[in-house]
Amino acid sequence: MELDLPRRANAGFLPTLNFDIIHLIFEVLQLPPAKLAPYRRCCRSMVQIVARLVRRFDASQLSRTLITEEGWVRGITTTYPHLEVLQLSGLLLSDEDTITFASNLRNLKEIDLFDSGVSDLSVCAVAERCPFLQSVTVGGSVRRNGAKITNVAIRSLAEHSSSLTGLHMASCFQLTDEALVDLCSKRGQGLRSVSLSKCAKLTDASLLGLANTAFQLESLNLNECYRLTNAGVVALAEKCRGLSAVNVRGTRVTDVALEALARMCPKLVDVNLESCLNLTDQGLIHFATRRLGSQHSSRDLHLTGPLVQAGLEQTGLAMRSAWAAPSRGLGEPGVEGDESNSGDEAVKLGSRGLEALSVAGCVRLTDVSIVSVAPTCPTLAKVDLSQVYDVTDASLCALAANCGPCLRSVKLSRCGRITDRGIIALARDCPSLAHLWVDDCHALTDASIVLLAPKCRKLQTLDLSHCPKLTDNSVLALTRYSRSLVRVSLRFPNISLVGPSLLTDRAVLALVKYAK
């Protein structure tokens with residue numbers, strides 16, 4: 001909705017309106033700060049209204065010139081004293097700056113200090129002076145933060161932040177189990193989102209602390225917490241059954257942990273298993289059968305029989321007919337009495353399936369597991385198979401046949417066994433595909449890309465680096481049919497083990513003309 005009000009102080013009708021009425025109008029419209037700012041020049045009443053309405057402010061979008069000026073922090077707190085959400089991500093701040101924010105913005109509920117270089121002093125000030133604090137984000141790159149965030153910050157949050165629901169800490173490698181367990185014992189019941197990425201000193205003791213108190217936990221990020229084992233993840237899965245997103249990238253977990261998550265967390269829709277080197281096909285297959293639940297009979301779950309014995313050659317239409325439609329007569333809610341195998345029915349039954357799956361770097365996985373998982377996830381929108389070296393076209397055909405309408409992002413970096421057949425399957429069955437990475441897929445030729453361009457008109461990102469068999473024809477097809485392309489990567493090294501690039505200046509000129 002557009003609102004057209006006079007923006008000059010001598011405008012006739014504004015003074016005749018009641019202050020509360022004007023405030024109500026703007027509150028209903030929910031205009032962003034950028035559109036509210038000009039109205040501050042109308043009159044004194046509008047200054048007060050705008051100050052009361054702005055609840056969220058992203059300071060990371062401010063110009064560098066403004067940030068270096070003296071008093072910019074005080075200016076924000078004076079102009080918008082009722083802020084509830086403050087994003088300072090990426091800004092290099094001093095502890096004095098953060099203390100100023102905390103002292104003047106007493107209504108703060110969320111603050112993002114990611115990669116801002118602050119220390120325990122800032123976190124303690126926010127915890128002590130913002131009684132309504134619900135979410136705090138600190139940490140970031142080791143270069144800026146290093147050892148600045150320690151157990152002192154965690155203990156302060158545990159002591160003062162009674163409404164804490166979100167705790168996000170990255171690269172805080174000085175944190176230990178002792179402080180986190182203490183936080184869980186005092187504030188764990190309210191926690192819904194926890195990120196402990198690269199907090200290298202944490203062990204299973206921290207997960208046990210979460211499991212014993214954080215029963216409402218929905219999102220958990222344990223990226224590169226390499227000291228964690230299956231025991232901690234299994235204990236967490238048993239107690240926190242409302243988990244919907246889990247990231248165990250780079251940890252030592254095995255199939256046991258994945259099976260526990262599949263069995264005990266029915267709401268799980270986003271799982272990141274990148275670089276879990278101990279994960280095998282057995283774990284993902286078990287995950288697939290658990291995710292199916294009562295949607296298919298045991299006969300339908302016989303995944304390793306004919307598919308494997310036939311060398312996974314029967315994937316395209318055969319996979320669609322075997323898996324895309326659910327079994328009948330199972331008494332599933334919302335499907336009872338429906339004799340059709342329509343696409344709508346498949347989507348309804350797949351509403352409990354995953355939406356994002358990342359197994360990049362899980363080198364022990366093969367087509368067997370990917371083909372098994374695909375039928376259980378008709379709502380899968382994002383999949384990352386990068387550096388899963390044994391994945392072939394069979395996996396892509398299965399994903400396209402079962403997840404095609406929803407699939408938007410596919411990463412196949414360094415999957416050297418992928419050929420034109422797999423990309424053509426994606427092109428035919430995935431009309432919503434927007435992001436595709438096929439760098440270092442040396443077997444690809446123009447045949448697949450030329451077909452992909454007119455079929456996937458929503459394509460925004462395409463990485464064709466180190467694909468030596470591609471020629472100008474692929475790029476020309478992209479520039480001719482694609483209307484949404486934002487990024488195309490065609491990187492080639494000066495000396496390539498896979499041969500010289502066949503691309504010429506003609507392709508580059510076509511991209512330049514397309515960009516204009």
Side-chain angles (χ1 to χ4, degrees), residues 197-198 221-226 228 246-255 257-258 270-285 287-288 312 315 354 356-374 377 380-400 403 407-423 425-426 430 433-444 448-449 452 461-470 487-493 496-499:
S197 176
K198 299 182 181 180
N221 184 352
L222 302 172
N223 174 43
E224 295 187 25
C225 295
Y226 61 87
L228 302 180
V246 175
N247 183 346
V248 289
R249 177 182 183 271
T251 62
R252 294 185 295 168
V253 299
T254 67
D255 298 338
L258 185 59
D270 188 342
V271 57
N272 189 330
L273 305 169
E274 290 182 27
S275 302
C276 292
L277 302 180
N278 297 320
L279 192 65
T280 67
D281 285 330
Q282 182 180 358
L284 269 188
I285 290 175
F287 182 86
L312 294 170
T315 50
L354 290 176
L357 175 64
S358 178
V359 291
C362 297
V363 294
R364 299 176 67 181
L365 297 183
T366 67
D367 283 329
V368 176
S369 54
I370 305 302
V371 170
S372 302
V373 168
C377 308
L380 193 66
K382 179 181 178 181
V383 61
D384 189 350
L385 303 176
S386 301
Q387 300 182 60
V388 183
Y389 302 116
D390 289 331
V391 161
T392 70
D393 296 331
S395 293
L396 295 189
C397 291
L399 288 169
C403 318
L407 207 57
R408 297 190 70 252
S409 176
V410 179
K411 282 191 175 183
L412 303 168
S413 302
R414 299 186 181 181
C415 294
R417 300 180 66 182
I418 297 295
T419 69
D420 288 333
R421 180 186 172 212
I423 303 303
L426 291 178
C430 305
L433 190 64
H435 309 283
L436 178 63
W437 288 262
V438 289
D439 45 306
D440 284 296
C441 295
H442 303 153
L444 295 186
S448 56
I449 306 302
L452 181 75
T461 304
L462 182 61
D463 193 339
L464 302 174
S465 301
H466 308 282
C467 297
K469 295 183 179 180
L470 298 182
R487 180 177 182 270
V488 178
S489 181
L490 300 170
R491 295 188 306 273
F492 279 86
S496 175
L497 298 178
V498 294

Results of side chain to side chain contact (heavy atoms under 4.5 Å, CB included) for Thr461 - residues two or more places apart only: His435, Trp437, Arg487
Measuring from atom CG of Asn247 to atom CG of Asn221, what distance do you get when rounded to the nearest 0.5 angstrom? 4.0 Å
How about Leu385 and Val359: do any of their side-chain heavy atoms sit closer than 4.5 Å? yes
Should Leu396 and Leu412 count as side-chain neighbours, where that means a heavy-atom distance under 4.5 Å? yes
Name of the residue among Ser413, Ser465, Ser386 meeting side chain to side chain donor-acceptor pair (under 3.5 Å) with Asp439: Ser413
Checking Asp440 now: which residues fulfil side chain to side chain contact (heavy atoms under 4.5 Å, CB included) with it, not counting sequence neighbours? Arg414, His442, His466
Does the side chain of Asp463 reach to within under 4.5 Å of the side chain of Val438, using non-hydrogen atoms? no
What distance do Leu436 atom CG and Ser409 atom OG have between them, rounded to the nearest 0.5 Å? 8.5 Å
Correct closest heavy-atom pair for Cys467 and Cys441 would be SG-O, 3.6 Å
For Ile449 and Leu464, the nearest pair of non-hydrogen atoms, with its separation, is CD1-CD2, 3.9 Å
Just to verify, what does Asp281 make a side-chain hydrogen bond (donor to acceptor under 3.5 Å, both in side chains) with, not counting sequence neighbours? Thr366, Ser369
For Arg491 and Ser489, test the side chains for any donor-to-acceptor distance below 3.5 angstrom and give the result as yes or no. yes
Sub-4.5 Å side-chain heavy-atom contact between Leu258 and Val248: no
Assess the residue pair Ile418 and Val391 against the criterion (side chain to side chain contact (heavy atoms under 4.5 Å, CB included)); give the C-alpha distance rounded to whole Å, side-chain angles, the decisive distance to 0.1 Å, and a yes or no. CA-CA 7 Å; Ile418 297 295; Val391 161; 4.1 Å; yes
Closest approach of Leu277 and Arg364, non-hydrogen atoms and distance? O-CD, 3.1 Å
For Tyr226, does its backbone N or O pair with a side-chain atom of Arg252 as donor and acceptor, under 3.5 Å? yes
Kindly write out the residues that satisfy side-chain hydrogen bond (donor to acceptor under 3.5 Å, both in side chains) with Tyr389, not counting sequence neighbours, or none if the list is empty. Gln387
Ignoring hydrogens, what is the shortest heavy-atom contact between Leu407 and Cys430? Give both atom names and the distance. CD2-SG, 4.0 Å
Evaluate the side-chain proximity of Asp367 to Asp390: yes if any heavy-atom separation is below 4.5 Å, no if none is. no
Suppose we screen for side chain to side chain contact (heavy atoms under 4.5 Å, CB included). Which residues come up paired with Glu274, at least two apart in sequence or across chains? Arg249, Asn272, Ser358, Ala360, Asp384
Is any side-chain heavy atom of Leu380 closer than 4.5 Å to one of Val373? no
Is a donor from one side chain sitting under 3.5 angstrom from an acceptor on the other, for Ser197 and Asn223? yes
Between Val383 and Ile370, is there a side-chain heavy-atom distance shorter than 4.5 Å? no
Can you list the residues that meet the side-chain hydrogen bond (donor to acceptor under 3.5 Å, both in side chains) rule with Asp255, with sequence neighbours excluded? Thr280
For Ser448, which residues count as a side chain to side chain contact (heavy atoms under 4.5 Å, CB included) partner, sequence neighbours excluded? Asp420, Ile423, Ile424, Leu444
Do you know which two heavy atoms are closest between Cys276 and Gly250, and how far apart they sit? SG-N, 4.3 Å
Can you give me the closest heavy-atom contact between Cys362 and Val388, atom names plus distance? O-CG1, 3.8 Å
